[in-house]
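Values reported hereafter were calculated over all heavy atoms of this structure, with side chains retained and with hydrogens, waters and symmetry mates removed. When a residue number appears, it is its place in the shown sequence, counting from 1.
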Amino acid sequence: MTLIEMLERNFKEFPSKIAVICEENHYTYEDLHRGVAALSRYFLHSGIKKGDKIAIMMDSKTEELIVVFLSIVACGAVVLPVDCNQPDSYCRHLFSLMPPAAVAISASMQDRIDTFDLLLSGSRIVVCQTGKSSLSGKSPKKVENFREGPFSQEHLHKTDDKPTFLEDLFLFFGHLTLPDILINEDDVVYFNLTSGTTGFPKCAVTTHANIYWNTRSAVEQLSLTHDDVHLCMFPPGTHPHEIFARALLLGGKMVLTDHIAPKSLTKVIENGGVTAMMAIAPIYGNFTKCHKKNGFYFSTLRIVESGGMHLDPVTAREFQERFDLSITPVWGSTETAGIALAMPFGVTSKTGSTGIPCRYYDAEIIDTHGNRLHPGEVGEMIVRGKGVCTSYYANEIETKKNFKDGWYHTNDMFRKDEDGFFYFAGRKNGMMKVAGMKVYPVEIEDILIQHPLIKEISVTKFSDPLHGEIPKAVVVLEEDGALTKEEIRNYLSTRLVVYKIPKMIEFRRALPRNPVGKILINQI
């Protein structure tokens with residue numbers, strides 16, 4: 001099933017059901033369908049063809065983002081999400097690699113377009129903003145309003161009220177059906193960019209089938225239903241389909257927000273009746289600290305996923321004790337189109353585990369020669385399934401390196417227990433050889449984070465002429481916390497063998513992170 005088939009089905013079966021909540025605005029599936037129909041026809045009318053690439057430069061999670069994404073897909077074009085937090089050099093590289101036929105951009109991002117004149121000289125620029133939507137010709141600097149475009153003045157509605165983005169589309173384009181464009185499951189939806197924590201992102205070619213099977217897998221693994229209200233914390237430029245795909249498949253409701261401060265986010269969850277959310281571990285740690293001394297409990301939450309980074313035992317335990325909610329650890333990647341491992345709902349006895357392969361996915365652990373390893377042995381996890389992508393765009397070297405014989409080689413190191421539960425050990429390039437002995441950062445991090453004065457921790461490898469490599473610990477202390485390097489080593493001396501204890505310890509005020517919240521290892 002394609003994303004457009006999901007949208008069409010929901011519109012026909014329950015048009016008046018709320019699909020999107022964004023701040024004070026509520027939109028039904030009929031509203032969403034009409035908006036997508038209008039904007040997709042506008043794209044086609046302006047010359048967009050099936051297979052063209054349309055970049056999205058939108059810096060917030062709003063109804064505009066959902067409508068623009070689905071409109072691009074509805075006219076058979078391919079979405080190119082741009083991380084607006086990245087520097088201009090990143091955008092130039094991306095646009096030179098994949099010149100877009102058009103760019104859908106938030107009004108707040110318009111100033112950045114001028115810096116890409118040569119790269120976007122053949123691109124149409126569509127500006128998407130509540131109450132102000134416009135399109136240019138071929139010059140990025142010239143922005144013409146819809147009123148001056150190819151549509152009749154008869155479509156205008158005179159009003160002093162500031163219309164929403166969807167209302168603006170309706171005023172110009174009226175009630176329209178979706179374009180009669182043949183969309184297949186194997187058609188490319190978008191280029192899903194990797195997080196780029198160690199270099200420039202790779203573009204995983206993601207199809208409708210990849211998204212469908214991944215979404216269906218997550219729905220079944222987590223026992224989600226059409227009554228669930230979904231909140232996803234991923235930024236617009238990273239994994240945008242995960243913001244809405246589950247709700248779209250189920251005919252459920254999605255709550256959009258850019259709030260990450262615990263008090264503001266708490267209000268969004270409570271006011272929106274959110275039942276299911278995915279976030280990185282620090283978000284849940286912030287909830288615990290914010291509500292540590294009051295009687296607050298989440299009244300609607302039931303599925304609490306932690307993905308994107310390792311869930312440390314302290315965050316998991318304290319959140320459970322404070323809110324009586326178990327965090328469900330999950331593992332996924334750009335290349336798997338979302339989560340591929342998850343802890344089965346209700347299982348609490350496998351502390352530290354990321355869970356088991358979700359339905360429609362298989363996972364194995366192999367050594368450097370490709371041999372399957374026994375339970376308890378650490379090796380690289382490989383994954384296959386209908387949700388797994390098969391290539392990177394215009395990157396044959398990385399494609400051959402990472403996709404072999406139907407398996408995606410994750411570069412993540414895991415071990416598996418006798419019951420088939422997987423345990424994350426660290427990135428393949430993060431493993432260090434200390435005097436010939438293998439050391440994995442996560443083992444050290446999980447112990448250090450349990451120290452009451454340590455707020456955040458990251459362990460990396462560092463070259464050493466005597467030992468080859470040694471562990472380096474970058475430590476962020478709790479506010480007003482006082483701790484010496486020697487005290488940290490003494491704390492570890494009773495918990496780790498001596499060669500695993502970091503020889504280098506550095507204190508920082510914060511760890512460098514990308515917009516998703518992942519630690520930027522190359523800046524440690």
Side-chain angles (χ1 to χ4, degrees), residues 20-23 56 58-66 69 81 83-86 192-197 211 214-215 218-219 222 224 228-248 252-291 298 300-312 315-316 319 323 325-334 336-339 342-343 354 456 510-511 513-520:
V20 181
I21 297 176
C22 184
E23 301 296 340
I56 294 181
M58 307 188 76
D59 55 349
S60 58
K61 293 191 289 289
T62 61
E63 71 274 17
E64 289 97 326
L65 174 66
I66 309 299
F69 188 105
D83 183 354
C84 296
N85 293 287
Q86 297 286 355
N192 199 356
L193 274 67
T194 61
S195 57
T197 55
I211 293 175
N214 171 262
T215 306
V219 164
L222 301 171
L224 298 170
D228 278 309
V229 180
H230 304 263
L231 175 72
C232 181
M233 300 301 296
F234 283 108
T238 55
H239 304 243
H241 82 270
E242 293 200 72
I243 296 172
F244 61 85
R246 295 180 186 180
L248 199 63
K253 186 186 304 180
M254 64 195 88
V255 175
L256 307 180
T257 184
D258 288 311
H259 291 296
I260 59 172
K263 287 185 178 179
S264 299
L265 194 53
T266 296
K267 291 180 181 178
V268 171
I269 292 171
E270 288 296 289
N271 293 341
V274 172
T275 63
M277 69 175 290
M278 179 191 288
I280 58 173
I283 295 290
Y284 298 117
N286 290 338
F287 276 139
T288 302
K289 292 173 185 176
C290 177
H291 296 295
F298 291 105
T300 57
L301 269 181
R302 68 180 191 89
I303 303 293
V304 183
E305 289 174 82
S306 178
M309 60 184 294
H310 176 62
L311 173 65
D312 67 83
T315 298
F319 189 88
F323 299 107
L325 283 169
S326 295
I327 299 178
T328 300
V330 299
W331 177 94
S333 72
T334 301
T336 58
I339 70 169
M343 184 65 68
T354 311
E456 291 184 302
L511 297 178
R513 298 180 184 274
N514 68 7
V516 182
K518 291 185 179 180
I519 297 171
L520 295 168

Minimum side-chain heavy-atom gap M277-V255 below 4.5 Å: no

Worked check of side-chain contact (heavy atoms from CB on, under 4.5 Å) between L231 and L265: CA-CA 10 Å; L231 175 72; L265 194 53; 4.0 Å; yes

Any R246 side-chain heavy atom under 4.5 Å of L222 side chain: yes

Stepwise side-chain contact (heavy atoms from CB on, under 4.5 Å) test for E63 and E23: CA-CA 10 Å; E63 71 274 17; E23 301 296 340; over 6 Å; no

Between T334 and N192, a side-chain donor and acceptor under 3.5 Å: no

Any side-chain heavy-atom pair of I243 and F69 under 4.5 Å: no

Residue of the set L311, I327, I339 for which side-chain contact (heavy atoms from CB on, under 4.5 Å) holds with E305: I339

Spacing of CG belonging to L193 relative to CG belonging to D83, to within rounding of 0.5 Å: 8.5 Å

Side chain proximity check, F287 to I283, heavy atoms < 4.5 angstrom: yes

Aromatic ring pairing F323/H291, orientation class (parallel under 30°, perpendicular over 60°, tilted between): perpendicular

Side chains of L325 and L301 in contact at under 4.5 Å (non-hydrogen atoms): yes

Contact check, side chains of M233 and I280, non-hydrogen atoms, under 4.5 Å: no

Heavy-atom check, side chain of I66 versus side chain of L256, under 4.5 Å: yes

Close side-chain approach of P282 to R513, heavy-atom, < 4.5 Å: yes

Sidechain-backbone polar pair: S264 side chain, I260 backbone, donor-acceptor under 3.5 Å: no

Smallest separation among heavy atoms of C290 and K263, with atom names: SG-CG, 3.5 Å

Reported NE2-to-CZ distance for the pair H230 and F244, which is rounded to 0.5 angstrom: 13.0 Å

Candidate pair V229 and T300, rule side-chain contact (heavy atoms from CB on, under 4.5 Å), full reasoning: CA-CA 9 Å; V229 180; T300 57; over 6 Å; no

T336 vs W331, side-chain contact (heavy atoms from CB on, under 4.5 Å): CA-CA, chis, key distance, verdict: CA-CA 10 Å; T336 58; W331 177 94; 4.1 Å; yes

Residue pair G237 / P81: nearest heavy atoms and the distance that separates them: O-CB, 4.0 Å

Between OG1 on residue T266 and CG on residue N271, distance to nearest 0.5 Å: 10.5 Å

Closest non-hydrogen atom pair between Y284 and A279, with its separation: OH-N, 3.3 Å

Separation between CD of E242 and CD1 of I211, rounded to the nearest 0.5 Å: 9.0 Å

Donor-acceptor pair, side chain of K61 and main chain of T257, under 3.5 angstrom: yes

Euclidean distance, M254 CE relative to C232 SG, rounded to 0.5 Å: 11.0 Å

Approximate separation, where rounding is to 0.5 Å, of E456 CD and L511 CG: 4.5 Å

K267, NZ: over 12 other non-hydrogen atoms inside 6.0 angstrom: no

